[in-house]
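For ligands, and for the atoms within them, numbers begin at 1 and follow the listed sequence.
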Amino acid sequence: MAKKDINWGELGFGYVKTDYRFVANFKDGKWDDGQLITDENIVINECAGVLQYAQTCFEGLKAYTTEDGKIVCFRPDLNAQRMADSCERLKMPVFPVEKFVEAVEKVVAANADFVPPYGSGATLYLRPYMFGSNAVIGVKPATEYQFRIFATPVGPYFKGGVKPLTLRISDLDRAAPMGTGHIKAGLNYAMSLYNIVDAHDNGFDENMYVDSATRTYIEETGGANIIFITKDGKVVTPKSNTILPSITRRSLMIVAKDYLGLEVEERPVRVDELDSFAECGLCGTAAVISPVGKVVDHGKEIAFPAGMTEMGPVTKKLYDTLTGIQMGRLPAPEGWIKTIG
Ligand code: PLP
Ligand code: COI
C-alpha cells in the first residue's frame, strides 16, 4: 500500500473524497449488517425525514499515525455512546456501540492510504452520521434510516494553526434550556450558520455562546468546548447541561489531573469572570486545543495575559500531553487508544 499523493502539510479542514465509506440501513425495525461502498453520493426520497424535518445527527473523531507507525483512533466508544444519546433524543434508532466501533475500524483500515503520516500535522477525520431516509410529511420520526461513516484527511480547523483566536460574546443562542444543546444534532449547527458568517464578517474567529436563560454564564462555541486556566494554574471548564459533552474536554480534565498534577474544576463560569483568567482555549476533535487570545463583549475587550502570539504555557502543556497520548509518544490510560488492524 502506498500513501496517497497529498500535500499533507497544506491541508485545511475540508472534504477530500476517500476510497471507501460505510453504510448500514435500518428498515422494518432492524439494522442490516452494513458494508463498505465506493459511491460517495446518496439518493433518497424528496420527502425524506432528514430533508423536511432535519432528523439527523453526527459524530466526529480522528485516526492518527503514531510515532511507531501504527494507525489508531482515540476513544471511539465514547463517540458511539454520544451518538446513541443523540439518537434517543431525536427518536432515531441507536446504532449499537460495538458495531459503531467496528465500522470505524473498517473505514479507517480501508482508507489507510489516506491516514496522514506521523509528524505531518494532519489526521484522518471520521464523520459518522445518521438520517431519516424515508418519506414523512406529517411531523413524525422516519421509519427508515441510514448510518454512514466517511473519512477525509484534514489539517487545522482554524486557519493559522495555533495563532490565538479572537471570539465575541454572542447575542444569538445555539441552545435552549431544555433543548438539544447537549446532543450532536445537525439542527444545532444549521442555526449557528448565520451567526458564524456574521462573526467572520465582523472580524471574529468564533462566537462564544452564553446561557440563553440568564445570559450570565459561558457555554461553548459553535464547534468546541472551552477551557480556562486561572492565574494560579487551575483548569476550569464550564458546567452546563446545554453544551455538548466534549470527549476532548473530558479527556483533558483527566490529563490535567493525572498527567500534569493540576487542579481541575467543572463549574458554572460567569461572563464577568472572564477577565480573571490567565489563559483560554477551545477544545474539540476538530479544534484539538486552539488558544483564545481575546474575547470581545459588546465592545469591551478581554485580553488574556497569555497574549495574541502563542499558546499560553499551561494550555501548551495540555496540548502536548493530549497529542502525545494520541500520537503514541506517551502512554495512554486504559482503553483510550484503539489500534486499527
Ligand atoms: N461542542 C460542539 C458544539 C462541537 O461541535 C464539538 C465537536 O465535536 C465539541 C464541542 C467538541 O467535542 P469533541 O471533543 O467530542 O469533539
Ligand atoms: C468535531 O470537532 O468533530 C466537530 O464536529 C466540530 C465541527 C464544528 C467540525
Side-chain angles (χ1 to χ4, degrees), residues 11-16 56-64 73-86 89 100 104 107 122-130 148-159 165 167 170 172-176 179-193 195-197 199-200 205-212 218-227 237-256 266 280-290 292 318-319 322-323 325-326 336:
L11 284 172
F13 195 86
Y15 174 77
V16 174
T56 180
C57 62
F58 70 99
E59 274 301 322
L61 70 160
K62 283 174 171 173
Y64 309 82
C73 283
F74 186 69
R75 311 189 78 181
D77 51 318
L78 296 194
N79 293 95
Q81 186 53 56
R82 190 171 63 188
M83 188 166 209
D85 297 341
S86 297
R89 178 66 175 81
F100 179 112
V104 165
V107 172
T123 50
L124 187 72
Y125 184 72
L126 301 161
R127 173 53 64 89
Y129 59 113
M130 193 192 293
R148 287 182 170 246
I149 306 178
F150 69 79
T152 177
V154 295
Y157 188 66
F158 291 104
K159 278 202 264 343
L165 305 168
L167 313 188
S170 173
L172 297 183
D173 297 322
R174 73 172 285 283
T180 55
H182 61 299
I183 60 160
K184 213 158 163 56
L187 61 92
N188 293 343
Y189 299 81
M191 63 188 282
S192 75
L193 297 177
N195 209 24
I196 190 67
V197 171
H200 290 164
D205 296 300
E206 250 291 7
N207 291 295
M208 183 178 262
Y209 289 98
V210 296
D211 79 287
S212 59
I218 307 284
E219 296 248 294
E220 62 174 332
T221 66
N225 279 182
I226 304 174
I227 54 166
T237 191
K239 185 177 172 68
S240 160
N241 52 18
T242 50
I243 66 177
L244 192 76
S246 157
I247 294 160
T248 313
R249 184 254 301 162
R250 285 182 270 159
S251 305
L252 275 175
M253 297 308 264
I254 294 168
V255 162
E266 189 185 350
C280 175
L282 305 186
C283 65
T285 299
V288 193
I289 305 182
S290 302
V292 176
L318 286 167
Y319 178 92
L322 179 71
T323 53
I325 292 169
Q326 291 167 333
W336 280 24

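Here I243 contributes atom CD1 and H182 contributes atom NE2; the two are 12.0 Å apart, rounded to the nearest 0.5 Å.
Within the 4.0 Å heavy-atom criterion, neither part of K62 lies near ligand 2. At a heavy-atom distance under 4.0 Å, only side-chain atoms of K184, from C-beta outward, approach ligand 2. Under 4.0 Å from ligand 1, heavy atoms of S246 appear from its side chain as well as its backbone. Neither the backbone nor the side chain of E59 comes within 4.0 Å of ligand 1, counting heavy atoms alone.
Listed by number with element, the atoms of ligand 1 under 4.0 Å from a non-hydrogen atom of R82 are 12 (O), 13 (P), 15 (O). In summary, the atoms of ligand 2 found under 4.0 Å from a heavy atom of F58, numbered by their order in the structure, are 5 (O). Of all the atoms in ligand 2, the ones that sit under 4.0 Å from a non-hydrogen atom of G223 are 6 (C), 8 (C). Heavy-atom proximity to Y125, at under 4.0 Å, picks out these atoms of ligand 2: 1 (C), 3 (O), 4 (C), 5 (O). Near Y189, meaning under 4.0 Å from one of its heavy atoms, ligand 1 places the atoms 2 (C), 3 (C), 4 (C), 5 (O). Near E220, meaning under 4.0 Å from any of its heavy atoms, are these atoms of ligand 1: 1 (N), 2 (C), 3 (C), 10 (C).
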Applying side-chain contact (heavy atoms from CB on, under 4.5 Å) to T152 and V16, what does each step give before you reach the verdict? CA-CA 5 Å; T152 177; V16 174; 3.7 Å; yes
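For a threshold of 3.5 Å applied to N or O pairs, the pair formed by G284 and ligand 1 contains no separation below that value. For a threshold of 3.5 Å applied to N or O pairs, the pair formed by Y157 and ligand 2 contains no separation below that value. Considering both main-chain and side-chain atoms, R249 never comes within under 3.5 Å of ligand 1 through any nitrogen or oxygen pair. No N or O atom of A287 sits closer than 3.5 Å to an N or O atom of ligand 2. For the pair R174 and ligand 1, the shortest N or O to N or O distance does not fall below 3.5 Å. For T285, a nitrogen or oxygen atom sits less than 3.5 Å from a nitrogen or oxygen atom of ligand 1, counting backbone and side chain alike. At under 3.5 Å, not a single nitrogen or oxygen of Y189, backbone or side chain, sits near a nitrogen or oxygen of ligand 2.
Side-chain contact check for P128 versus F100: some heavy-atom pair is nearer than 4.5 Å. Residues R75 and T285 are not in side-chain contact: their nearest non-hydrogen atoms beyond the backbone lie 4.5 Å or more apart. At a threshold of 4.5 Å between non-hydrogen side-chain atoms, the residues N225 and L282 do not count as touching. In this structure the side chain of V288 reaches within 4.5 angstrom of the side chain of Y319, judged on heavy atoms. Using a 4.5 Å cut-off on side-chain heavy atoms (C-beta onward), C73 and L126 make contact.
Between the side chains of S170 and N195, at least one donor-acceptor pair of N or O atoms lies under 3.5 Å. A donor atom on one side chain and an acceptor atom on the other are not found under 3.5 Å apart for Q81 and D77.
At a 4.0 Å cut-off, not a single heavy atom of S251 sits close enough to ligand 1 to count as contact. Heavy atoms of K184 come nearer than 4.0 angstrom to ligand 1 in at least one pair. Residue contacts with ligand 2 include R127, since one of its heavy atoms falls under 4.0 Å from the ligand.
With S212 contributing its side chain and A175 its backbone, the two residues share a donor-acceptor pair below 3.5 Å. Distance alone, capped at 3.5 Å, is enough to place a donor-acceptor pair between the N188 side chain and the I183 backbone. A donor-acceptor distance shorter than 3.5 angstrom exists from the side chain of R127 to the backbone of E59, with no hydrogens or angles considered.
Screening T237, L244, N207, T242 for a side-chain contact (heavy atoms from CB on, under 4.5 Å) involving E220 leaves a single residue, L244.
At the top of the distance list for atom 6 (C) of ligand 1, counting protein heavy atoms only, stands G223 O, 3.2 Å. The shortest contact between atom 2 (O) of ligand 2 and any protein heavy atom is with A286 N, 2.8 Å.
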